[in-house]
Amino acid sequence: MQHDPDLILAGDVGGTNTRLALFRANQDACLCLKHEAYLCSKYDSLVQIIHEFCAGLDKQPDQACIGVAGVVIKGRCDATNLPWVLDESELASACNFSTVKLINDLEAAAYGVITLDSEYLVDINPYANQQQQGNQAVIAAGTGLGEAVLYFDGNRYHPFATEGGHCDFAPADDKQYELLLWMRERWGAHVSYERIVSGPGLVDIYRWLIDTAQFPELLETQAAVQLQDFAAVISLQAQQKQDPACQQALTLFVQIYAQEAGNLALKSLARGGVYLAGGIAPKILPVLQTDEFLRNWLNKGRFSSLLKSIPVRVVTHPQVALIGAANCLNRA
């Protein structure tokens, strides 16, 4: 089948889903022609998914850029939450691409964030200086917790990946310290922010509240989790105020999310803004817009005034990482 050098296959490989999109590149931007989502557990490899996606195309993309949740070293990545090993040269050979580039999924999201229109960004820090320039950062809670930084050289942003989500969780009060002790019993001595600020982490917060008899487990919640994703049930029950345990779990989740977002802002001196991406933030946007997030975001002692000036924006575009992967190749 004929290859089109202007077509780019973009990928976003997460712990639960793989998303692929076909883009046509031009000098200014990338136009999305098609996108699909696949449940990772149904496939043995990314190659299978790519073949399925490309089977119905009239023309094949000549190059691909794949964002993957994991550390990419010399074109190779052991996916963090998947039993897959991805390799640029192997993917290029198996899928007949002239070029394959693997990047961290949050690096891809960062490349995407800098292209988004304001309609896909919701500001949640009313005190921020929206005009100041400087480094930016992206933090994304989903199946895991990803973080990336965009270095600003005075003219252009340069995204780079981090694994900051795997840094040690630092409790900010006695209740969070009790949560940490429970998490250590469950996961061992090292408890990262990802263990808490993620879909599985929200479930663990809820389980801690139930296991330590701080709240009773409602029969309605027990029934709902048999039919739906556990974290989604907690989030929905909390926002609809139907289950006090779910409400408290989501409140703690938002507090700790805000704390780590603030930590990332300080570490990267992200005066240009911090973006909350990933699958969870848009789904809990009303809670992120409350004082609960802002109070914990600002709780940085002598540097509270700096945090007060930094924009915080929730990313609502569902394909930001795919846009970013295509943008990474297009601007190279």
Side-chain angles (χ1 to χ4, degrees), residues 106 109-110 112-142 145-152 157 159 164-165 170 172-173 175-176 193 196-198 201-202 205 235-236 238-241 246-318 320 323-324:
L106 259 291
V113 157
I114 56 181
T115 72
L116 290 182
D117 295 330
S118 59
E119 65 181 295
Y120 297 112
L121 302 170
V122 180
D123 288 293
I124 60 174
N125 181 5
Y127 307 111
N129 179 355
Q130 302 290 342
Q131 305 305 315
Q132 66 188 1
Q133 293 184 318
N135 297 341
Q136 296 181 343
V138 183
I139 180 169
L145 179 67
E147 300 182 2
V149 177
L150 298 94
Y151 162 66
F152 186 60
Y157 285 101
D173 56 29
K175 180 176 285 291
Q176 291 184 19
Y193 275 98
I196 297 172
V197 187
S198 62
L202 177 58
I205 297 172
S235 174
L236 184 62
Q239 292 183 75
Q240 293 180 347
K241 296 181 171 54
C246 293
Q247 288 179 252
Q248 181 60 29
L250 188 59
T251 295
L252 272 169
F253 178 92
V254 167
Q255 290 173 354
I256 298 169
Y257 200 167
Q259 290 161 205
E260 177 59 2
N263 291 340
L264 179 59
L266 290 177
K267 292 173 187 176
S268 57
L269 196 57
R271 296 180 65 248
V274 172
Y275 296 87
L276 308 186
I280 293 179
K283 294 182 178 70
I284 62 169
L285 180 58
V287 186
L288 294 174
Q289 291 174 307
T290 67
D291 289 342
E292 201 66 57
F293 182 93
L294 197 60
R295 179 171 55 82
N296 286 275
W297 161 264
L298 294 174
N299 188 25
K300 289 292 186 269
R302 292 172 293 170
F303 280 83
S304 293
S305 60
L306 174 63
L307 271 292
K308 192 173 185 178
S309 74
I310 293 176
V312 185
R313 304 177 179 108
V314 175
V315 178
T316 61
H317 199 300
V320 63
I323 294 170

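Source: prediction; values computed, not measured.
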| Would you say Tyr157's side chain and Gly134's backbone share a donor-acceptor pair under 3.5 angstrom? | yes
| message | Just so I know, are the side chains of Glu119 and His317 near enough to count as touching, which here means a heavy-atom distance under 4.5 Å? | response | no
| said: Determine whether Val149 and Lys267 satisfy the following criterion, side-chain contact (heavy atoms from CB on, under 4.5 Å), listing intermediate values before the conclusion. | reply: CA-CA 10 Å; Val149 177; Lys267 292 173 187 176; over 6 Å; no
| message | To the closest 0.5 Å, what do you measure between CG (Leu294) and OH (Tyr127)? | response | 6.0 Å
| request: Any chance you could measure Leu250, atom CG, to Leu252, atom CG, to the nearest 0.5 Å? | output: 9.5 Å
| Donor-acceptor contact below 3.5 Å, side chain Ser304 vs main chain Asn299 | no
| What do you reckon, is CG of Asp173 surrounded by more than 12 foreign heavy atoms closer than 6.0 Å? | yes
| request: Step through the shown structure and confirm whether more than 12 heavy atoms of other residues, nucleotides or ligands are within 6.0 Å of NZ on Lys300. | output: yes
| request: For the residue pair Glu292 and Val287, establish whether any side-chain heavy-atom pair is separated by less than 4.5 Å. | output: no
| Between atom SG of Cys246 and atom CG of Leu202, what is the distance when rounded to the nearest 0.5 Å? | 8.0 Å
| query | What is the minimum heavy-atom distance between Ser235 and Ile284, and which atoms define it? | reply | OG-CG2, 3.3 Å
| request: Indicate yes or no: at least one non-hydrogen side-chain atom of Gln239 is less than 4.5 angstrom from one of Pro286. | output: yes
| task | Decide yes or no for Ile280 and Phe253: does some side-chain heavy atom of the first lie under 4.5 Å from some side-chain heavy atom of the second? | result | yes
| request: Compare all side-chain heavy atoms of Lys241 with those of Gln247 and state whether any distance is below 4.5 angstrom. | output: yes
| request: Check Asn135 against Leu269 and note the closest heavy-atom contact, atom names and distance. | output: CB-O, 3.6 Å
| Below 4.5 Å, heavy atoms only, C-beta onward: do Leu150 and Pro159 meet side chain to side chain? | yes
| remark: All heavy atoms of Ala137 vs all of Ser268, minimum pair found to be CB-OG, 3.8 Å
| task | Given side-chain contact (heavy atoms from CB on, under 4.5 Å), test Ser309 with Arg271 step by step and report yes or no. | result | CA-CA 8 Å; Ser309 74; Arg271 296 180 65 248; 5.7 Å; no
| request: Quick one: do Leu266 and Leu306 satisfy side-chain contact (heavy atoms from CB on, under 4.5 Å)? Show the steps, please. | output: CA-CA 9 Å; Leu266 290 177; Leu306 174 63; 4.0 Å; yes
| query | Counting only N and O atoms by type, is there a donor-acceptor contact under 3.5 Å from the side chain of Gln176 to the main-chain atoms of Ala172? | reply | yes
| What are the two closest heavy atoms between Ala170 and Gln259, and how far apart are they? | O-NE2, 4.2 Å
| message | Within the 4.5 Å heavy-atom criterion, are Leu106 and Ile139 side-chain neighbours or not? | response | no
| query | Quick one: which of Val113, Thr316, Val315, Thr115 gives a side chain to side chain contact (heavy atoms under 4.5 Å, CB included) with Tyr120? | reply | Thr316
| request: Any pair with a residue in residues 281-303 that passes ring-ring contact (aromatic ring centres under 6.0 Å, His included), sequence neighbours left out, goes on the list, sorted by first then second residue, please. | output: none
| Beyond-backbone contact of Tyr257 with Ile196, side-chain heavy atoms, under 4.5 angstrom | no
| task | Take Gln289 and Val314 through the test side-chain contact (heavy atoms from CB on, under 4.5 Å) and record every step on the way to the result. | result | CA-CA 10 Å; Gln289 291 174 307; Val314 175; over 6 Å; no
| said: Please find the pair of heavy atoms, one from Ala265 and one from Ile310, that lie closest to each other, and give the distance. | reply: CB-CD1, 4.2 Å
| request: Kindly write out the residues that satisfy ring-ring contact (aromatic ring centres under 6.0 Å, His included) with Tyr275, not counting sequence neighbours, or none if the list is empty. | output: none
| request: Examine the side chains of Arg313 and Gln136 and answer whether a donor and an acceptor come within less than 3.5 Å of each other. | output: no
